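A note on names: the letters A, B, ... follow the listed sequences, proteins ahead of strands, and every chain is numbered from 1. These numbers come from a predicted model, not from an experiment.
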Amino acid sequence: MATPAPVAALNLSARFPGSVTADARPGYSGWIVEKGKLLEVTQALRDEFGCDYLSSVTGVDYLPEGKMEVVYQVYKTTGGPGLLVKVQVPRADPVEVPSVVSIYPGAELQEREIWDLFGIQFSGHPDLRRILMWEGFAGHPMRKDWKEAYYEEDGKPFKTRWPEGKHALAESKNPFGDNISYPAGFDPEKWIPEDAEKALYGALARYEVRDEAGLGTDHVIVNMGPQHPSTHGVFRIAVMLDGETVVSLKPVMGYLHRNHEKIGERNTFLMNMPYTDRLDYLSSMSNNFGYALAVEKLMNVRPPERAEYLRVMMAEMTRISNHLMAIGALTNDLGAYFTPMLYALEERELILDIFEAVSGARMMCNYFRFGGVARDLPEGTLQKIKDLFFERLPRRIDEIDRFLTENEIIRARGIGQGVLTAEDAIKYSAAGPLLRASGIPYDVRRAEPYSIYDRFDFEVCVRQNGDIYDRLMIRFDEIRQSLRIIQQAVKQLPEGPVAAVKPAYQVRVPAGEAYGRVEGPKGELGFYVISNGKPSPWRYHVRAPSFINLTAFGPMCTGQKIADVVAVLGSIDIVLGEVDR
Amino acid sequence: MNDMYGKGILKGLSVSLKRFIETYADDLKWIGKRYRTEEGIAHRSSKDGRGIFTIQYPEEKLPVPEEFRFVPLLVYDEGPDGEKIMRCTSCGICSRVCPPQCIWIVRSVDPATGRPFPDPAEFYVDADVCMNCGLCAEYCPFDAIKMDHDYELASFGRSLFDKARLAKPASYYETIRPVNSGRENAARAAKEAARSAAQAE
Amino acid sequence: MDVKDLNSPGYEIPPEMQGLVAITTLDKVYNWGRSASVWPLMFGLACCAIEMICAAASRYDTARFGMEIMRPSPRQSDLMIVSGTVTKKMIPIIVRLYNQMPEPKYVLAMGACASGGGPFKEGYNVVSGVDKFIPVDVYVPGCPPTPQALLNGLMKVQEKIKGEHWKNSRWYQKGPDTVEIPVPLLGPDLIDPRKIGLAQTGAKGQEA
């Protein structure tokens with residue numbers, strides 16, 4: 001593989017003189033593009049400079065400066081660090097930015113999210129509807145001047161808690177006794193409910209079907225979820241069907257939108273650590289990792305050796321436990337009702353035992369700290385880790401693999417179904433196992449090694465067909481590679497401290513922006529953090545792999561039978577905590 | 001040969017049968033001590049565990065590790081006459097570090113002098129907001145707030161824990177976290193010794 | 001059920017008949033039967049749902065309590081385990097599901113979020129506890145409650161069922177079989193039909 005030119009060396013301002021300038025704010029990097037030139041520049045980025053992968057799009061509200069910014073992260077799928085491209089627009093209504101969906105279709109859901117939360121309109125977007133909140137919701141909640149019903153202060157800690165912390169429920173201060181506030185002058189009695197689903201159903205593509213006699217057949221719209229046993233949580237799928245064949249499909253989400261980012265911008269930097277656990281709640285250690293990396297970049301600290309090893313071990317254990325769950329859930333969706341799941345969960349329980357011993361909780365580990373980890377391994381845990389990851393798990397993974405891979409139903413329902421081609425995978429910004437099962441060997445651990453991954457001997461798993469079966473099998477491959485990494489890490493684990501700095505609940509984070517990304521079990525998990533030197537981040541954005549992977553969900557299902565929709569969704573492996581945040 | 005239909009069913013049944021027999025094999029091998037004994041529970045979760053994996057809660061309980069955290073507790077030392085000496089000085093660090101801001105503290109004020117003094121007048125943890133993250137216990141400089149191991153808190157109403165409900169004796173804390181409390185006690189004793197040495201000079 | 005739990009106090013059983021005969025109340029037998037076959041709704045909201053799955057899986061195994069049959073349809077279930085953060089976008093669906101469940105029905109609020117809002121309480125899309133809309137029988141604190149904590153909560157549900165008297169049960173009374181809860185609407189913010197009057201005074205208060 002030829003070494004690609006490093007992205008950082010690209011000189012965009014030389015290619016587009018006058019309309020692209022380097023971002024000169026202290027602590028910032030990347031390029032600021034003029035709004036009118038955005039499409040031209042992104043097209044050049046993709047076609048001339050080889051940045052074929054749009055990783056994330058997010059908005060930032062610079063209220064004091066009266067500006068709004070849209071930040072694009074682009075990469076080369078051949079590896080290397082990424083490039084930040086920004087567009088700044090004045091903060092006057094309506095805020096409008098051209099949509100890049102025509103160049104990077106992976107931006108579709110993300111631009112909808114920015115419209116929903118920041119109120120930035122993307123002209124040229126094919127389906128600009130709200131995504132996390134419902135149509136008709138008042139306001140764009142991530143704007144800095146938007147206040148929710150329970151708003152207390154801009155930053156934590158709140159003054160009401162100490163020293164005069166007389167307990168009062170938040171709802172007791174609200175006139176409705178609940179988390180509700182209406183715009184001024186709103187009268188619910190005169191309010192006429194709109195047909196909230198009209199826009200959604202209108203967005204579903206349809207085509208006319210006529211038989212030889214010219215008789216028209218109508219399509220059927222089927223809604224799956226939000227209460228449906230196979231949607232892995234509160235997720236809804238609106239499908240347009242022609243008979244049993246999917247004509248078009250739209251994911252509907254937001255049923256678990258917990259305002260992670262809004263709360264994250266009120267929290268201090270440390271407070272966000274336990275909140276990240278609740279993003280992808282199946283792999284909290286990995287979420288901790290990404291967030292710790294982003295803030296450590298800003299703080300410019302490195303954890304000590306032993307902490308690095310512990311971090312890698314925990315992150316890989318998380319990957320195994322997540323993939324076990326994914327395999328169990330996918331086989332559930334393929335019709336093996338709960339039996340493989342029980343086998344997988346049994347092993348997962350043992351991994352959770354280790355998490356519980358090390359971090360104190362089975363799922364919400366909250367184990368990473370800036371510049372280290374919370375505590376060293378308790379006595380006896382290392383032996384448990386050795387027993388599990390050297391002896392039991394390799395044996396059990398082989399066993400589960402043997403039971404499932406040759407199963408005729410799994411093969412029949414998996415092979416050739418729900419295919420995502422390599423081009424489409426890049427186009428729709430698919431990440432993680434979804435991308436690698438389509439033949440793109442892109443793994444952040446190798447593409448831009450973080451922590452100490454460059455020291456370990458492991459392979460980037462890749463499968464070529466991009467179907468459901470390959471996406472199931474690649475999870476087995478990745479578990480085996482993770483086992484290899486853990487085994488190496490256990491053997492090399494050095495003695496020493498586990499924190500580089502003295503533990504402090506108030507950390508000083510210099511102003512600037514940082515993007516920390518890790519290869520989470522579900523794909524590239526990124527944290528985009530902007531600090532302005534205050535105790536809380538000014539902007540805290542999560543590049544959620546499950547969410548962005550859903551961009552490819554519709555195209556993957558089109559032309560499939562409705563029964564396969566469930567299996568395709570299972571093979572993407574989403575977690576709603578991360579999709580909706 | 002994949003043309004034979006039903007092969008998967010036969011294979012599946014044989015796997016189930018094998019697991020079924022394994023259950024009895026392990027039960028026989030561990031007869032009398034597989035269930036409701038500590039070593040039995042440990043064996044079932046070990047690398048060699050086979051057969052039934054189930055913990056028969058509530059008859060037997062999976063022991064929680066020392067670091068396990070649930071809702072916080074407030075540690076008090078027992079004085080010579082059995083009085084409760086709260087370790088908490090109502091400094092407010094826990095309420096400041098709490099991510100969901102579920103700790104509410106009213107500081108005590110001496111009515112004579114008007115100056116605050118240790119031992120909070122009121123202390124609340126809203127267990128319906130608490131995220132069990134353990135940051136309060138981690139950053140408490142007085143080893144006063146710690147994470148409890150008691151997870152059997154189901155009730156017929158919402159859970160707002162006040163000072164009386166949260167307070168637990170130091171002896172209880174030492175039983176649930178022997179290693180941590182030993183380390184903390186040693187550190188406190190060392191600090192005390194250093195202080196008295198400094199005073200003696 | 002143990003014989004000693006079955007026997008009602010106050011009745012003398014001759015020594016030669018002990019172990020063969022039990023005198024009990026209809027309530028005890030009836031409630032024992034109901035409490036030992038509670039079918040939960042297969043309904044996972046968030047993080048807690050994963051712990052609920054773990055509780056149903058082999059290590060904790062709710063089958064030992066007669067609760068392994070998780071029905072995806074509310075029409076066939078007795079117990080709704082609200083396992084996770086209740087959001088405004090989701091609460092109309094939860095209320096609808098609750099209305100569709102046949103009596104007798106029970107609700108267990110699993111975890112901090114369902115009980116009282118949880119760590120995300122301050123968020124703009126989060127409901128401060130599912131009990132704002134549907135009656136909750138048992139609250140299980142924790143974030144998330146471990147499977148054993150959930151089992152403890154499920155035992156509380158059984159305890160509640162065992163304490164009931166069939167004569168007082170509302171589903172055996174005259175009148176409507178169940179109490180329909182008005183489904184909230186999604187307007188500029190969540191609209192609870194029961195609080196529309198309140199909204200007007202609230203809106204006036206805001207204007208003033």
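Between C:Phe120 and A:Tyr275, the ring center distance clears the sub-6.0 Å criterion. For A:Phe403 and A:Tyr343, the ring centers sit closer than 6.0 Å to each other.
Side-chain contact annotation: A:Asp280 with A:Ser283, donor-acceptor N/O pair under 3.5 Å present. Donor-acceptor pairing under 3.5 Å is lacking for the side chains of A:Asn366 and A:Asn288. For the residue pair A:Asn272/A:Asn267, the side-chain donor-acceptor check at 3.5 Å is satisfied.
Contact of A:Phe338 with chain C is made through the side chain alone, with heavy-atom distances under 4.5 Å. Of the two parts of C:Ile94, neither the backbone nor the side chain holds a non-hydrogen atom closer than 4.5 Å to a non-hydrogen atom of chain A. The contact between A:Leu282 and chain C is made entirely by side chain atoms (from C-beta outward), counting heavy-atom distances below 4.5 Å. Contacts between A:Met325 and chain C at a heavy-atom distance below 4.5 Å involve the side chain alone, from C-beta outward. Looking at A:Leu576, there are no atoms closer than 4.5 Å to chain C (heavy atoms on both sides), in backbone or side chain. Proximity to chain C (any heavy atom under 4.5 Å) is restricted, for A:Arg362, to the side chain, taken from C-beta onward. C:Ile191 touches chain A through backbone and side chain together, each having a heavy atom under 4.5 Å away. Contact annotation for C:Ala46: both backbone and side-chain heavy atoms come within less than 4.5 Å of a heavy atom of chain A. Of the two parts of A:Met253, only the backbone, made up of N, CA, C and O, holds a non-hydrogen atom closer than 4.5 Å to a non-hydrogen atom of chain C. Heavy-atom distances place the side chain of A:Tyr281, and not its backbone, under 4.5 Å from chain C. Contacts of A:Ala170 with chain C are made by both backbone and side-chain atoms, with heavy-atom separations under 4.5 Å.
A cation-pi geometry, defined here as NZ or CZ lying under 6.0 Å from the six-membered ring centre and within 45° of its normal, does not hold between A:Arg130 and A:Phe137.
Listed by sequence position, C:Leu97 are the residues of residues 96-106 of chain C in contact with chain A, using a 4.5 angstrom heavy-atom cutoff. Contact residues of residues 123-140 of chain C toward chain A are C:Gly123, C:Tyr124, C:Asn125, C:Val126, C:Val127, C:Ser128, C:Lys132, C:Phe133 (heavy-atom distance under 4.5 Å).
A distance-only check finds no donor-acceptor pair linking the side chain of C:Ser77 to the backbone of C:Leu79 [under 3.5 Å]. In terms of modelled atom types and a separation under 3.5 Å, the side chain of A:Asp580 and the main chain of A:Gly254 share a donor-acceptor contact. Side chain of A:Tyr150 to backbone of A:Asn179: a donor-acceptor contact under 3.5 angstrom is found.
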Which donor-acceptor pairs under 3.5 Å do the side chains of residues 108-119 of chain C make with protein atoms, sequence neighbours left out?
| unit_1 | atom_1 | unit_2 | atom_2 | d |
| --- | --- | --- | --- | --- |
| C:Ser115 | OG | C:Gly111 | O | 2.7 |

Note to self: Set out, in order, the CA-CA distance, both residues' side-chain angles and the distance that settles side-chain hydrogen bond (donor to acceptor under 3.5 Å, both in side chains) for A:Glu265 and A:Ser536, then state yes or no.
What the structure shows: CA-CA 6 Å; A:Glu265 288 171 17; A:Ser536 328; over 6 Å; no
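The choice from A:Lys262, A:Arg266, A:Glu171 that makes the most heavy-atom pairs within less than 4.5 Å of chain C is A:Glu171.
Applying the ring pair (Phe, Tyr, Trp, His ring centres under 6.0 Å) criterion to A:His228, with sequence neighbours excluded, gives no partner residue.
Electrostatic pairing of A:Arg236 and A:Glu197 counts as a salt bridge here, judged by a charged N lying under 4.0 Å from a carboxylate O.
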